[in-house]
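Remember, it's a predicted structure, so these values are computed and weren't measured experimentally.
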Amino acid sequence: MKHSLLFSAAILAASSAWAAQPASVILSGDALADSESGPVECTKISDGYFQAFAELKAGQPLTVKGGDGTVYTFNNAQSNLNGVYKIDLKFNGDNPTLDLKQIKHLMMKHCWTGTNFILDYVGNGTWAGAFNWSNLSNQDDRYQIAMRYPRDDDNYHKWGPVNTGNDAKPDGTAEYFYLKEAPGASQWDPKWKIDDKYKDGKSHLVVVTMRGTYTHSIAEIGEIPASFTVTGSALTEGTSFNLNKVDDYTYELFTKLKEGELKFNSGNTEYTIAKGKIAAGADAVNVAKDGVYCINVNFASGAASVKEVNSLKYYHLSSFGPKGESLEYKGNGVWSGNVDIPDADDRYRLEMYIDGDIQQWGAKNATGKKPSEANIGDSYFEIKRVPWTFWNNEFKIENSQKGTNTPLTVKFDSPTYTHSFTSYVASGIEDITVDENAPVEYYNLQGVRVENPENGLYIRRQGNKATKVLVK
């Protein structure tokens, strides 16, 4: 009898330990891919409810540990895709729950027009991005922070002030910018108001931090380099490339790489990419394996990456998915191949997987019309990165192409990205054109710019074309 009582007491003690609400929660494990890649302390939302925001690697385990050392086991403690996640932990008696939601976009949302200024994740639960109030059709000062999950039926998950009754401009206190989740938020409430000084026609930087106290701030944008160059042994399609400047702050290049090193510079200034950010420095970036990559650097937010492009496909909207095989990479930022076009709804976008994460490409200039109706010529087919949505940012296929297997070529080989329903035609060296008005620049073989080259082998760059030349 004594042994039975002791055994029952042991079971009760174990059950009570499991049921107890932890005072704090720490996340660790191989799943964490955040910029500092260390343990993440969750924020306590309420008794028994903890939350964290972190970048996770797909298929890797996430360890959940209480402040007293108790390890909690969950069957779903790993992410399905690489990306940034909202991690909710609720300790409800004997049934604690772990909920992982991938965050596709965090944005500053203008209440009046619905315009979204999309922010980049820069590590450690922080996002940053540029906004320009003068780009809005109505400069009403109200805004919210909004979150989007992948393929979430166009829902916005809103965040607003901790003080929901606040209907004033910033009051000089840090607390004004604190934020919390706002389930059921309307278009107008809760909201913050932008200070009038940020309606000056210039771009500014908004930074949202969700570690510890959730808050945001507004700052000035630093100097943006006039050009940005990559060199190094990892390059396979040339010895040096000038990245395409795709907007006021962002440089990007799609190219094939091999195992080796990359070095970055702008004139005489050297840069490196470390922990998901761009920074001054001469350290090389290592490429671990051969593949097609996207090099992306945003000098407003500071976010930077070298990520492998896994696939590019035609995405038919009413079928909710890509059609046909992946397009084949042809070189120099160009993909091409034949695609199956359903004999159904005419709306489509393009879908790219980058390091296992989904990126949609949609209409840059025209949406809701067919090419024959748009009256904007070739610019109809220009593409841009777009947030996930079921029906927006779409192109339309001509009726004659429905139900066919059609060639499709997508070009990321210049600052203007575009696509066409034509076959890929390989260009010979004689077909390469150079902007004769572009400035000529010289670099030594280490990638350092040389103003007056003398007696030696150099890289001569004009526009996007780079060649080795011997100077005597």
Side-chain angles (χ1 to χ4, degrees), residues 35 117-123 127-132 203 205 220-232 234-257 261-287 291-309 332-334 352 354-355 357 359 361 364 382-386 410-418 434-435 438-441 443 447-449 459 461-466:
S35 60
F117 298 103
I118 295 177
L119 314 182
D120 293 324
Y121 186 72
V122 293
W127 287 258
F131 71 92
N132 190 326
S203 293
L205 187 71
E220 300 303 315
I221 295 175
E223 184 178 354
I224 310 298
S227 63
F228 195 65
T229 301
V230 59
T231 60
L235 295 175
T236 67
E237 299 180 322
T239 56
S240 172
F241 288 100
N242 212 16
L243 275 69
N244 293 310
K245 192 173 184 182
V246 295
D247 61 34
D248 290 342
Y249 324 103
T250 308
Y251 287 94
E252 190 168 60
L253 178 70
F254 290 88
T255 190
K256 190 173 183 178
L257 301 177
E261 295 183 339
L262 297 174
K263 302 197 75 173
F264 300 93
N265 69 78
S266 176
N268 293 323
T269 303
E270 295 180 303
Y271 290 90
T272 188
I273 296 175
K275 298 178 180 179
K277 298 180 182 179
I278 188 71
D283 293 344
V285 175
N286 293 313
V287 177
V292 180
Y293 285 79
C294 173
I295 304 171
N296 183 282
V297 179
N298 186 313
F299 278 94
S301 67
S305 62
V306 180
K307 294 184 176 181
E308 185 178 6
V309 180
N332 299 309
V334 178
M352 179 182 285
I354 305 181
D355 268 4
D357 194 17
Q359 175 62 62
W361 296 87
K364 180 178 180 180
E382 292 178 10
I383 58 177
K384 66 177 181 179
R385 292 175 185 263
V386 295
V410 186
K411 294 186 174 184
F412 297 93
D413 57 349
S414 71
T416 301
Y417 299 159
T418 189
V434 177
D435 181 0
V440 175
E441 298 170 343
Y443 297 82
V448 178
R449 186 173 177 179
I459 297 168
R461 190 187 71 204
Q462 185 174 22
N464 282 325
K465 180 175 173 58

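- At a threshold of 4.5 Å between non-hydrogen side-chain atoms, the residues Thr239 and Thr231 do not count as touching.
- Atom CZ of Phe412 and atom OH of Tyr417 lie 7.0 Å apart (nearest 0.5 Å).
- Here CD of Glu252 is found 9.0 Å from CG of Asp247. Values are rounded to the nearest 0.5 Å.
- The neighbour count for Lys364 NZ, taken as heavy atoms of other residues, nucleotides or ligands under 6.0 Å away, is above 12.
- Tyr271 is listed as a side-chain neighbour of Pro225, based on a closest heavy-atom distance under 4.5 Å.
- How far CG of Asn298 is from CD1 of Ile278: 10.5 Å, rounded to the nearest 0.5 Å.
- Note that the CG atom of Asn332 and the CG atom of Leu253 stand 9.5 Å from one another [nearest 0.5 Å].
- Relative ring orientation between Tyr251 and Phe228 is described as tilted, the plane-to-plane angle lying within the 30° to 60° band.
- Counting heavy-atom neighbours within 6.0 Å of Lys256 NZ, excluding the residue itself, gives a total of 12 or less.
- Residues Val297 and Ile273 form a side-chain contact, since some pair of their non-hydrogen atoms from C-beta on lies under 4.5 Å apart.
- Using modelled atom types, one side-chain atom of Asp355 and one backbone atom of Glu308 make a donor-acceptor pair closer than 3.5 Å.
- Of all heavy-atom pairs between Pro415 and Val246, the closest is O-CG1, 4.1 Å.
- Ring-plane geometry between Trp127 and Tyr121 is classed as perpendicular, the angle between the planes exceeding 60 degrees on a 0 to 90 degree scale with a lower cut at 30.
- Between the side chains of Glu270 and Asn265, no donor-acceptor pair is found at a separation under 3.5 Å.
- The line from CD of Gln359 to SG of Cys294 is 9.0 Å long, rounded to the nearest 0.5 Å.
- Looking at every heavy atom in both residues, Ile221 comes nearest to Ala130 through CD1-CB, 3.8 Å.
- Counting all heavy atoms, side chain and backbone alike, Val122 lies closest to Ser301 at CG1-O, 3.6 Å.
- Between Lys307 and Asn296 the shortest side-chain heavy-atom distance does not fall below 4.5 Å.
- Counting heavy atoms from C-beta outward, Ile295 and Phe264 have side chains that approach closer than 4.5 Å.
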Open item on the list: Between Asp248 and Ile224, does the side chain to side chain contact (heavy atoms under 4.5 Å, CB included) criterion hold? Intermediate values first, please.
Closed with: CA-CA 8 Å; Asp248 290 342; Ile224 310 298; over 6 Å; no

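- Checking side-chain atoms of Glu261 against main-chain N and O of Gly232 turns up no donor-acceptor pair under 3.5 Å.
- Ser227 places no side-chain N or O within 3.5 Å of a backbone atom of Ser266 that could act as its donor or acceptor partner.
- Counting heavy atoms from C-beta on, the side chains of Leu257 and Leu235 come closer than 4.5 Å.
- Val410 is listed as a side-chain neighbour of Ile383, based on a closest heavy-atom distance under 4.5 Å.
- One distance of note links CG of Leu205 with CZ of Phe117; it measures 12.5 Å at 0.5 Å rounding.
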